[in-house]
> 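Below is one structure. I have some questions about it.
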Amino acid sequence: MFLSINGLAKSFGTNEVLKNIDVEVEKGEVLSIIGPSGSGKTTLLRCINALEHPDKGIFTFQDGFNLNFDNKISKQEILRLRRKSGMVFQSYNLFPHKTAFENVIEGPLIVQKRKKAEVKQLAENLLEKVGLKDKMNLYPYQLSGGQQQRVGIARALAMEPELMLFDEPTSALDPELIGEVLTVIRDLAKEDWTMVFVTHEIQFAGEVSDKVLFMDGGYIVEQGSPEEVLKSPKEKRTQQFLQRIL
Ligand code: ADP
């Protein structure tokens, strides 16, 4: 098991957003999280990437690293948790004053302090992988939403995280630009990346996922293979959600 999360809870004020969540992610697995808006999907991803601080919960990684949020957690531990994963955001979050290439090299060069020649090569390879080598010197405002999101993916990959997190990566895109981003994600899924993917693209989730998890109201209502959860869901709430959106 790459990561086990047990008893994760998170509130914002009196709003209990995650309630006793247990999740397991296997190495090389693609896990999709679906569910209605406001059910806690993004907050769960943000807890995994240490962008939110859980109130409770135990994170256990395969390599022996573990964190119990009942205890006081040090800054170093938070940083170590953050470095485990790379996040791709709904709204790309690129640096607007940097080119595609500069966006990709920033993390490995400045945060990881890797050698410039090595990082340059890595960035070129990654921009080629997402089909943007010829656009590497353009600024975000010169790129379409789909191209910006592909830079966002290359930037997350450049940190060589053990886990890739995608927070509704296509939800801000015009329909005709969704396909190019899903193609990149499909290729990563084939390459054995360990990925957690929050999405409204149910059909795509069914195609690329090893496991699908349905959340509602801060709980995991149901999880299993795509066939189990998407084709023959057991729980009424899952059935209703799928009927509404399919
Ligand atoms: P989803 O991704 O399933 O749409 P979210 O995790 O974004 O759900 O949100 C779950 C709930 O948490 C919502 O009620 C939302 O308003 C609330 N929430 C999320 N982030 C914050 C925050 N930073 N401060 C206060 N409330 C938040």
Side-chain angles (χ1 to χ4, degrees), residues 1-10 17-49 54 57-63 65-66 81 84-88 90 153 156-157 161-171 181-246:
M1 197 58 62
F2 171 74
L3 168 64
S4 297
I5 298 176
N6 294 101
L8 174 62
K10 173 73 184 169
V17 173
L18 299 177
K19 303 165 185 166
N20 198 24
I21 297 275
D22 294 334
V23 188
E24 296 198 320
V25 188
E26 306 223 31
K27 196 151 182 56
E29 171 175 79
V30 180
L31 168 64
S32 292
I33 305 177
I34 60 168
S37 188
S39 56
K41 305 180 299 294
T42 294
T43 305
L44 172 57
L45 276 197
R46 290 173 62 85
C47 286
I48 297 175
N49 193 231
I58 300 173
F59 287 50
T60 310
F61 287 90
Q62 194 174 29
D63 62 7
F65 175 51
N66 60 69
L81 175 61
K84 289 268 179 201
S85 60
M87 180 89 137
V88 176
Q90 272 178 52
I153 294 172
L157 290 171
E162 293 170 69
L163 173 66
M164 282 288 285
L165 305 173
F166 292 87
D167 185 13
E168 296 184 27
T170 59
S171 65
V181 173
L182 293 183
T183 298
V184 170
I185 296 172
R186 187 183 287 115
D187 289 346
L188 295 176
K190 282 193 204 129
E191 279 175 23
D192 270 355
W193 279 88
T194 309
M195 309 193 336
V196 180
F197 183 45
V198 170
T199 188
H200 292 297
E201 300 286 334
I202 302 295
Q203 229 163 336
F204 182 75
E207 183 196 322
V208 299
S209 308
D210 298 294
K211 200 161 81 191
V212 176
L213 197 150
F214 172 69
M215 280 183 75
D216 193 15
Y219 290 103
I220 296 175
V221 174
E222 185 161 359
Q223 57 180 306
S225 70
E227 291 72 30
E228 286 165 345
V229 177
L230 301 177
K231 297 261 164 61
S232 44
K234 290 194 198 71
E235 300 293 331
K236 194 147 186 115
R237 276 193 285 175
T238 321
Q239 292 164 7
Q240 287 168 342
F241 172 74
L242 290 171
Q243 268 164 12
R244 266 205 313 276
I245 63 164
L246 289 179

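The analysis underlying the following values was restricted to heavy atoms, covering all of them including side chains, and did not include hydrogens, waters or symmetry mates.
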> Taking the side chain as everything from C-beta on, heavy atoms only, tell me whether Val181 gets closer than 4.5 Å to Ile153.
yes
> Minimum heavy-atom separation for Val25 and Met1, please, with both atom names.
O-SD, 3.5 Å
> For Pro161, is there any backbone N or O sitting under 3.5 Å from a side-chain donor or acceptor partner on Lys84?
no
> Looking only at heavy atoms, what is the nearest atom pair of Gly28 and Thr194, with distance?
N-OG1, 2.7 Å
> Please evaluate residues Ile48 and Leu165 with respect to the criterion side-chain contact (heavy atoms from CB on, under 4.5 Å), reporting the C-alpha separation (whole Å), side-chain torsions for both, the decisive distance (0.1 Å), and the verdict.
CA-CA 9 Å; Ile48 297 175; Leu165 305 173; 4.0 Å; yes
> If we only count heavy atoms from C-beta on, is the Met215 to Leu213 side-chain gap below 4.5 Å?
yes
> Can you list the steps and then say if Glu201 with Thr170 is a side-chain contact (heavy atoms from CB on, under 4.5 Å)?
CA-CA 8 Å; Glu201 300 286 334; Thr170 59; 3.6 Å; yes
> More than 12 heavy atoms of other residues, nucleotides or ligands under 6.0 Å from CD of Gln203: is that the case?
no
> State, to 0.1 Å, how close Ser39 and Pro36 come at their nearest heavy-atom pair, and which atoms those are.
OG-O, 2.7 Å
> Working to the nearest 0.5 Å, report the span between CD1 of Ile185 and NZ of Lys190.
12.5 Å
> Atom NE2 in His200, atom OG in Ser32: separation rounded to 0.5 Å?
12.5 Å
> Side-chain polar contacts of residues 236-246 - donor-acceptor pairs under 3.5 angstrom, sequence neighbours left out - could you list them?
unit_1, atom_1, unit_2, atom_2, d
Arg237, NH1, Asp216, OD2, 3.4
Thr238, OG1, Glu222, OE1, 2.7
Gln239, NE2, Pro233, O, 2.9

> If we only count heavy atoms from C-beta on, is the Lys41 to Leu45 side-chain gap below 4.5 Å?
no
> Tell me whether Asp210 contacts the main-chain N or O of Val30 through its side chain, where contact means a donor paired with an acceptor under 3.5 Å.
yes
> Any heavy-atom pair between the side chains of Phe166 and Met195 that's under 4.5 Å?
yes
> A side-chain contact here means heavy atoms from C-beta on lying under 4.5 Å apart; do Met164 and Val88 qualify?
yes
> Taking the side chain as C-beta and beyond, is there a heavy-atom pair between Leu44 and Ile33 under 4.5 Å?
yes
> What are the two closest heavy atoms between Leu18 and Gly40, and how far apart are they?
CD2-O, 3.4 Å
> Check for a donor-acceptor pair, side chain of Asp167 on one end and backbone N or O of Thr42 on the other, with a separation under 3.5 Å.
no
> First locate atom CG of Leu3, then atom CG of Leu81, and finally report the distance between them rounded to the nearest 0.5 Å.
8.5 Å
> Between Phe59 and Phe65, is the ring centre distance below 6.0 Å?
no
> Might you work through the side-chain contact (heavy atoms from CB on, under 4.5 Å) test for Trp193 and Leu157, ending with a clear yes or no?
CA-CA 10 Å; Trp193 279 88; Leu157 290 171; 3.4 Å; yes
> Kindly indicate whether the side chain of Phe2, heavy atoms from C-beta on, has any atom under 4.5 Å from the side chain of Glu24.
no
> What's the separation between atom CD in Glu191 and atom CZ in Arg186, rounded to the nearest 0.5 Å?
13.5 Å
> For the side chain of Ser171 and the backbone of Glu168, is there at least one donor-acceptor N/O pair under 3.5 Å apart?
yes
> If you measure from the Lys or Arg side-chain nitrogens to the Asp or Glu carboxylate oxygens, is any gap between Glu228 and Lys234 under 4.0 Å?
no
> Closest approach of Asn20 and Gly7, non-hydrogen atoms and distance?
OD1-CA, 3.2 Å
> What distance separates Ser4 OG from Ile58 CD1, expressed to the nearest 0.5 Å?
10.5 Å
> How many angstroms lie between atom CZ of Phe204 and atom CG of Leu182, to the nearest 0.5 angstrom?
4.5 Å
> I'd like to check the salt bridge (Lys or Arg N to Asp or Glu O under 4.0 Å) partners of Lys211; sequence neighbours left out, ordered by chain and number.
Glu29
> With the side chain counted from C-beta on, respond yes when Cys47 and Leu8 share a heavy-atom pair under 4.5 Å apart, and no when they do not.
yes
